[in-house]
2 protein chains.
Amino acid sequence: MPHTLRQQLADLVLLGELKPGDRLDEHKLAERFGVSRTPIREAIRQLGASGLIEIRPRRSAVVRSFDRTELSEAFEAMGEIEALCAARAAVRFNESERLRLRALIATSEDITARKDRSAALEMDFEFHGLLHDGARNWMLKTVAEETRLKITPYSAALFTMESYDADLGRPHNQHAEIAEAVLVGDGDRAGALMREHIAQALISLQTFFEETAAQPDAPKAKGRT
Amino acid sequence: MPHTLRQQLADLVLLGELKPGDRLDEHKLAERFGVSRTPIREAIRQLGASGLIEIRPRRSAVVRSFDRTELSEAFEAMGEIEALCAARAAVRFNESERLRLRALIATSEDITARKDRSAALEMDFEFHGLLHDGARNWMLKTVAEETRLKITPYSAALFTMESYDADLGRPHNQHAEIAEAVLVGDGDRAGALMREHIAQALISLQTFFEETAAQPDAPKAKGRT
DNA sequence: AACATAATTTTTGTATGCAATTTACCTTTA
DNA sequence: TAAAGGTAAATTGCATACAAAAATTATGTT
């Protein structure tokens, strides 16, 4: 099942080939995907409306980048939204979802032990996706995923760093705790734990970006030596 | 300051000229706005990504329509998001915003007395917009406005109905109560009142749509007598 | 008259070309 | 060497054209 052009383009950003601040050259992208500029432009506009890239009239579109303040606000907002999903999921989960969640945590345990960062990233998406579905609210799910999408270029970068190996256990343990609260039906606790989980993720992100000097908002080296 | 094409197109939907379910003919729109189909298509794609219209491959795009369940879920989600904004605004409002809020409520009082539904709709937008800003979180504001945008074709319809005159006082009073909580700095109360306010809005919407039989999800009469 | 099928029109998807603007590069000057 | 200016190249915005698919109308059969 071939992805849509829009998804293929998004993947360039989501999988890290294009990083925040990078320009999107319509000609080159058209050539790369073997189509004309017209469909490329349409895909770019869509991703622009999704907030994944930034569209500036008469100038190249660029991958959306956040400064420290924006990143912190984004995580604060996401924390609240994910907390909402978790709290509702705790109350509305059905039996098959409970089974799936349990299985997910077990698999995650394994992945964490093997320090497979790539699998851990996928697992992270699945875990949160399961809670988004469990909230049984289409709009809430949409909002959660749109929010998550916008910061993905940053959070995904974390999982690609070798130095993140050491901290891989923390998110897993937090997921396990949240899952427990969800399975017990304790919405308030699940929500609170989720809020904390997202807050921790922000701290990890900030820490690693400070260390590597690849900080958000850092001016891109564009040929200027 | 001329609006962008995207905004002009959105206005067709937001101001009620195009209703949920209506098709967007690229040719006619291009002719209407005096441009070619290319920029029209780009605008349509953007609005599609925003969730205001629905894009179906190889078929005309249509204004997004919600069935009863979706509408109810949308309002539930919006209630939580708006409550978040209100709760934060109560704590983070600055002095000029407090003044502006007080002035807004005073004006609203007047508008309600005059039963000016059109002005009341604008006032509604301003009231909520002020709280979105007051939350001091760019992402939260974005999420709130995107959510609000999606259901606007429905909520705006309410304000255009003559029969809504009788109920015009209720939203105003609720706004006033919320404003009071915000000005006192009581975030929890502001949030709770906001949640209630949005829930009431849904009920009004459902009630009026049932009465007029112009229910959401109703199949559009398209030439078929 | 009802239904199925074929012809016709409408509408979308994409490629291509050109004008307008921005960006990059190179020269000149302090 | 750094700044400033001007020219050339690259890039976006938009119009137009045409093929493919969908919607509509017309036609024929039972």
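Lettering follows sequence order; numbering is per chain, from 1. Keep in mind that this is a model prediction, so the values were computed, not measured.
Nucleotide D:dA21 holds its C1' atom 14 Å from the CZ atom of B:R56, rounded to whole Å. Nucleotide C:dT12 holds its C1' atom 13 Å from the CG atom of B:L24, rounded to whole Å. Remark: C1' of D:dA10 and CZ of A:R59 are 14 Å apart, rounded to the nearest angstrom. Between A:K28 atom NZ and D:dA9 atom C1' the separation is 12 Å, expressed in whole Å. When the P atom of C:dT11 is taken as reference, atom CG of B:D22 falls 14 Å away, rounded to whole Å. If you take NE2 of A:H27 and P of D:dA9, they are 15 Å apart, rounded to a whole angstrom. Computed from coordinates, the A:R58 CZ to C:dA20 C1' distance equals 5 Å when rounded to whole Å. Following rounding to the nearest Å, A:E31 (CD) and D:dT12 (P) show an atom-to-atom distance of 13 Å.
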What verdict does the side-chain contact (heavy atoms from CB on, under 4.5 Å) test give for A:H27 and A:R37, after you've listed the backbone C-alpha separation in whole Å, the side-chain angles of each residue and the deciding distance to 0.1 Å? CA-CA 6 Å; A:H27 257 299; A:R37 278 177 53 218; 4.1 Å; yes

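With sequence neighbours excluded, the residues forming a side chain to side chain contact (heavy atoms under 4.5 Å, CB included) with A:R98 are A:F93, A:E95, A:R102, A:L183, listed by chain and number.
Ranked by how close their nearest DNA chain C nucleotide is to the 5' end, A:P57 and A:E42 are led by A:E42.
Contact between the side-chain N/O atoms of B:S36 and the OP1/OP2 oxygens of D:dA15 is found at a separation under 4.0 Å. Contact check, B:R23 against C:dT12: no side-chain N or O comes under 4.0 Å of OP1 or OP2.
The aromatic rings of A:F209 and A:Y154 lie perpendicular to each other, with more than 60° between the two planes, well past the 30° mark. Using a 30° and 60° split on the angle between ring planes, A:F159 and A:Y164 fall in the perpendicular class, above 60°.
The side chain of A:S60 lies closest to D:dT12, out of D:dT24, D:dT12, C:dA15.
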